[in-house]
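To start, the structure under review is shown below, and the notes come after it.
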Amino acid sequence: MKSFAENIKKFWNSRWGFFFLAVVLFWIKTYYAYTTKFNLGISGGMQHLLALLNPLPTTILLFGIALYFKGRKSYVILLIIDFLTTFWLFANILYYREFSDFLTTTLIKGSGSVSNNLGKSVMGIIEPTDFLVFVDVIVLILLLVFRIQKIDIKPLKKTVAGLVTVLSVVFFGFNLTAANADRSGLLTRTFDNNYIVKYLGLNSYAVYDVVKSAKTSAVRANANASDMKTVEKYIKANHVPGNPTYTGVAKGKNVFIIHLESLQQFVIDYKVDGQEVTPNLNRIYHESNTLSFDNFYNQVGQGKTADAELMLENSLFGLSEGAAMVTAGTANTWQAAPAILSQQQGYTTAAFHGDVPSFWNRDNTYKSWGYDYYFSKSYFQSGESFDVGYGLKDKIFLKDSMKYIEQLPQPFYAKLITVTNHYPYLLDKANQSIPKTTTGDKTVDGYVQTAHYLDQAIGEFMAWLKATGLDKNSLLVFYGDHYAISGNHKPAIAKLLDQKKATDFDVAQWQRVPLMIHMDGLKGGINHTYGGEIDVLPTLENLLGINNENYIQFGNDLLAGNRNQTVAFYNGDFISPEYTRYAGKTYKTSDGSVVKNPDAATKKTIETLTNHVATELSLSRSVINGDLLRFYTPKGFKKVVPKDYSYKLSTALKNLKKMQKKQKTSLLVQNKNKSSLDLYKTDAPELKSESTEDGDSSEASSHSSSSSSSSHSQSSSSSEPADTK
Ligand code: GP9
Ligand code: MN
């Protein structure tokens, strides 16, 4: 009988030995890169396990190809595959360092910014340890060259190679199933490239990305200028002129878009134990200089926040699957609010969000939309318990954003995306200041606490605007991006509504979110028109005095008389003042009764509404899927060139300084470079130990660059309802 040592030696010098060694080394280095080079936001046992195991199935599958070949060829092929996959890893390490995101086919093809921005700076960002990923390939070569490991030329049976392939595929199947259980809709909802890598690995991400972009390119390749003509004709024929009383009343004002995460209309004026959930927003809602809308609906699909942003700033509908910001944000031609406002009225444009920049592909999409700046996680302070869920807590986020706001040349267009009021509505004790509701539904009852926290953050922000005088020359648009409590929680919804039960009709009405447009001197009031996120941009344009008749926008001014008040949901359902179509039934909107046996006239009306919604959705989607705006440039509009923008921290900070000198209208310059940040009062417990002046001026301490830590932890829960609609 052979000794153990002999067996090992035999294995070592066999094809299996070499294959095994190559796989293990590749596995180790990938995991090394996951933990030291990327910031995948891995949290919880399942995610750790998946991140540890996910390099294996695809490595075995790919390296296993070599097993089908004979003799030396097999070794050469294995080394080539090893080198190529390593190079992919290496390229992503470099790209990630610069952009906190992974490479995409679209970017590689050069339509994005990678070739320009990264190419130039590669030498500057490379770190010696990056080359470690090539060490194993070199070791493998040396082992063969110096015959430390012998080449085994005995052919393998094809069936054996086949078995390895099959096993790796089965293994991958397990990986995918476990990943989907932890994060439902992983492949379809297109959240963040980080997610795909975290759950399925870098090689699967490559395949996923190639397939996704091949699908989009095929539709795009088939689209042509005449498709655009069809859309243009429709838009022109259905254009509703803005309400002339309001045209230009906000001209030249700064614009704040305040994205209120998961804020539903029902919380407005809602009380828990006699305490208002959103006292600050309630005040704004009822103020005479606020235009408030109480029949305003979210229209998002799977893209949730991303869909809301898309509709708000483009007046185009989201897609039936996935998020357009992810599938088309990088490559498509867009004519979005930031570009329009900047080109037509000289606005400085900036987006603010306390999450990592890659989420919803914002880092690339915002460039295509013409945002001058995108201040994301690394731009803000970080510290112990500063984050919850998807990012920086709202009070800290809003306070910290003001150090950039005061540097923006005015007029500016600033979008502030809050995030604390996000599923699963968790908040530490120190930040809770209202009791939970008592529906008994765990996922629901914390909601009022995070909503209350968001409201307090808004209160602090508003006080600062007042203290600095910015309130006098700014228009604020507050909007809730989408529902918080999905239709999967009907019993809880019924309790919150103080009803016996909640029907699908109630869930449809539950899609209302706040929309408030607030400005000093604005003729306000509560407006009952039916509208949705698609209508915000045309409304804003009219207020700013921007004529939108040449833009391809599907919404209409909410203040216009004679507007079509049919609100389209992403799946073809709708709400109009007369009828509500939801989850397979049609209701009378006035009383929620089901329309049974409709007469011919009613049938006709419902059919017209249905067709109208279907036409709008399909035309709008053809614009995005076919990238039709590349065929159409409105008069006076200049195509946005994404590579002209950089959101790199150092570049943006430099630009900000330069711009202030050029256009001396920032709050800071107006105040002779005296910062107004000491006027910002917050009771955020996390900032308590800090003196008030701290963090205002010291850039070094506040710009932590390694702060994109393990966020997204809560998103991973499989118990999050994937979608209600
Ligand atoms: C992530 C945040 C949440 O950055 O905006 O997105 P959502 O889950 O609401 O779509
Ligand atoms: Mn959201």
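All ligand and atom numbering here is 1-based and tracks the order in the structure. Computed from a predicted model, the values in this text were never measured in an experiment.
- In this structure, a donor-acceptor pair under 3.5 Å is present between the side chains of Y297 and Q509.
- If you look at the Mn ion (ligand 2), the protein N, O or S atoms less than 2.8 Å from it are E261 OE1, E261 OE2, T305 OG1, D481 OD2, H482 NE2.
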**Item:** Verdict with reasoning, D504 to K490, per salt bridge (Lys or Arg N to Asp or Glu O under 4.0 Å)
**Value:** CA-CA 9 Å; D504 278 340; K490 282 206 191 93; 3.1 Å; yes

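- Classification of D387 and K377 as a salt-bridged pair holds, one side-chain N sitting under 4.0 Å from a carboxylate O.
- In summary, the side chains of E541 and Q553 do present a donor paired with an acceptor at a separation below 3.5 Å, with no hydrogens or angles considered.
- Between F375 and Y373, the angle of the ring planes stays under 30°, which puts this pair in the parallel group of the 30/60° scheme.
- Within the listing of ligand 1, atoms 1 (C), 4 (O) sit less than 4.0 angstrom from a heavy atom of F359.
- The parts of T305 lying near ligand 1 are both backbone and side chain, judged by heavy-atom distances below 4.0 Å.
- Those atoms of ligand 1 with a heavy atom of H353 less than 4.0 angstrom away are 1 (C), 2 (C), 4 (O), 5 (O).
- In this view, T278 and N282 satisfy the side chain to side chain donor-acceptor pair (under 3.5 Å) rule, not counting sequence neighbours.
- Nearest residue to atom 5 (O) of ligand 1 from R362, E261, Q302, E309 is R362 (criterion: closest heavy atom).
- Close contacts between ligand 1 and D355 involve ligand atoms 1 (C), 4 (O) [criterion: under 4.0 Å to a heavy atom].
- Residue K415 is tested with F256, Y374, Y371 for a side-chain contact (heavy atoms from CB on, under 4.5 Å); the sole match is Y371.
- Per-residue contacts place Y390 under 4.0 angstrom from the following atoms of ligand 1 (heavy atoms of the residue considered): 1 (C).
- By the 3.5 Å distance cut-off applied to N or O atoms, K304 is not counted among the residues near ligand 1.
- Ligand 1 places these atoms under 4.0 Å from at least one heavy atom of H482: 9 (O).
- Defined by atom type and a distance below 3.5 Å, a donor-acceptor pair is present between the side-chain atoms of E309 and Y366.
- A donor-acceptor contact under 3.5 angstrom links the side chains of T330 and N361, judged on distance only.
- Residue contacts with ligand 1, taken as heavy atom pairs separated by less than 4.0 Å, do not involve Y423 at all.
- Using modelled atom types and a 3.5 Å distance limit, the side chains of N193 and S358 yield no donor-acceptor pair.
- One side chain, H482 or E261, offers a donor N or O that lies under 3.5 Å from an acceptor on the other.
- Taking every non-hydrogen atom of W360 and a distance limit under 4.0 Å, the qualifying atoms of ligand 1 come out as 6 (O), 7 (P), 10 (O).
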